[in-house]
Amino acid sequence: MTVTELPRTLSHRDRVFLKAVAAGRVELTCGHEPEIFVDGLSWCDPFAARALVHTGLVRSGQSGPHGARVRAELTPLGRAEAGL
């Protein structure tokens, strides 16, 4: 999925997830298909969260070895979509 494949509208759950990223509550594992954790717990909809990563709304805040948990951050596009 690329930025050009961004859905026309984000769901309420997508927006809540983006706000959790903005608040520093989200971690991703390093790798091609990241695992998603919010407040230390596995996110309830990993496929939707991965789509937000692959569409360029969310990215890893730092690099690390494969499988390491790192802080997630919003991209400029993600900030705009979250209304921040």
Side-chain angles (χ1 to χ4, degrees):
M1 205 176 257
T2 64
V3 173
T4 58
E5 295 175 31
L6 184 64
R8 287 184 173 260
T9 60
L10 296 175
S11 71
H12 177 70
R13 182 182 291 172
D14 293 336
R15 292 189 189 284
V16 168
F17 178 78
L18 293 176
K19 289 179 181 182
V21 172
R25 299 173 41 214
V26 178
E27 295 175 300
L28 307 173
T29 57
C30 296
H32 180 68
E33 288 297 332
E35 296 297 321
I36 314 295
F37 297 89
V38 179
D39 297 334
L41 302 172
S42 185
W43 180 242
C44 63
D45 191 352
F47 299 107
R50 286 178 184 152
L52 296 174
V53 171
H54 290 301
T55 57
L57 299 178
V58 177
R59 64 181 172 213
S60 295
Q62 62 197 67
S63 61
H66 185 77
R69 283 191 195 184
V70 296
R71 187 178 59 82
E73 66 181 21
L74 295 177
T75 64
L77 179 61
R79 292 190 75 69
E81 288 294 327
L84 302 173

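Everything numeric in this text was worked out from a predicted model, so none of it was measured.
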Exercise for review: Mark yes or no for whether Arg15, through its side chain, and Glu81, through its backbone, hold a donor-acceptor pair below 3.5 Å.
Suggested key: yes
Exercise for review: Drop me the distance from Leu18's CG to Arg13's CZ, to the nearest 0.5 angstrom.
Suggested key: 13.0 Å
Check your understanding: What do the steps show when you test Leu10 against Leu52 for side-chain contact (heavy atoms from CB on, under 4.5 Å), and what is the final call?
Key -> CA-CA 10 Å; Leu10 296 175; Leu52 296 174; 4.1 Å; yes
Exercise for review: Can you see which heavy atom on Leu77 is nearest to which on Gly56, and at what distance?
Suggested key: CB-O, 4.3 Å
Practice item. Could you walk me through whether His32 and Arg50 pass the side-chain contact (heavy atoms from CB on, under 4.5 Å) test, one step at a time? Key: CA-CA 10 Å; His32 180 68; Arg50 286 178 184 152; over 6 Å; no
**Study point:** Joint hydrophobic cluster, Val26 plus Phe37, side-chain heavy atoms closer than 4.5 Å
**Key:** no
Exercise for review: Scan for side chain to side chain donor-acceptor pair (under 3.5 Å) pairs involving residues 58-68, sequence neighbours excluded, and state none if there are none.
Suggested key: Arg59-Glu73
Check your understanding: How far apart are the closest heavy atoms of Cys30 and Val70, and which atoms are they?
Key -> SG-CG1, 3.7 Å
Practice item. For residues Ala72 and Leu28, report the shortest heavy-atom separation together with the two atoms involved. Key: CB-CG, 3.7 Å
Review point. Would Asp45 and Phe17 satisfy side-chain contact (heavy atoms from CB on, under 4.5 Å), going step by step from the backbone distance to the final call?
Key: CA-CA 10 Å; Asp45 191 352; Phe17 178 78; over 6 Å; no
Review point. Given Arg71 and Arg25, is the side-chain contact (heavy atoms from CB on, under 4.5 Å) satisfied, shown in steps?
Key: CA-CA 8 Å; Arg71 187 178 59 82; Arg25 299 173 41 214; over 6 Å; no
Review point. Do any N or O atoms from the side chain of Thr75 and from the backbone of Leu57 form a donor-acceptor pair under 3.5 angstrom?
Key: yes
**Study point:** Separation between CD of Glu33 and CZ of Phe47, rounded to the nearest 0.5 Å
**Key:** 9.0 Å
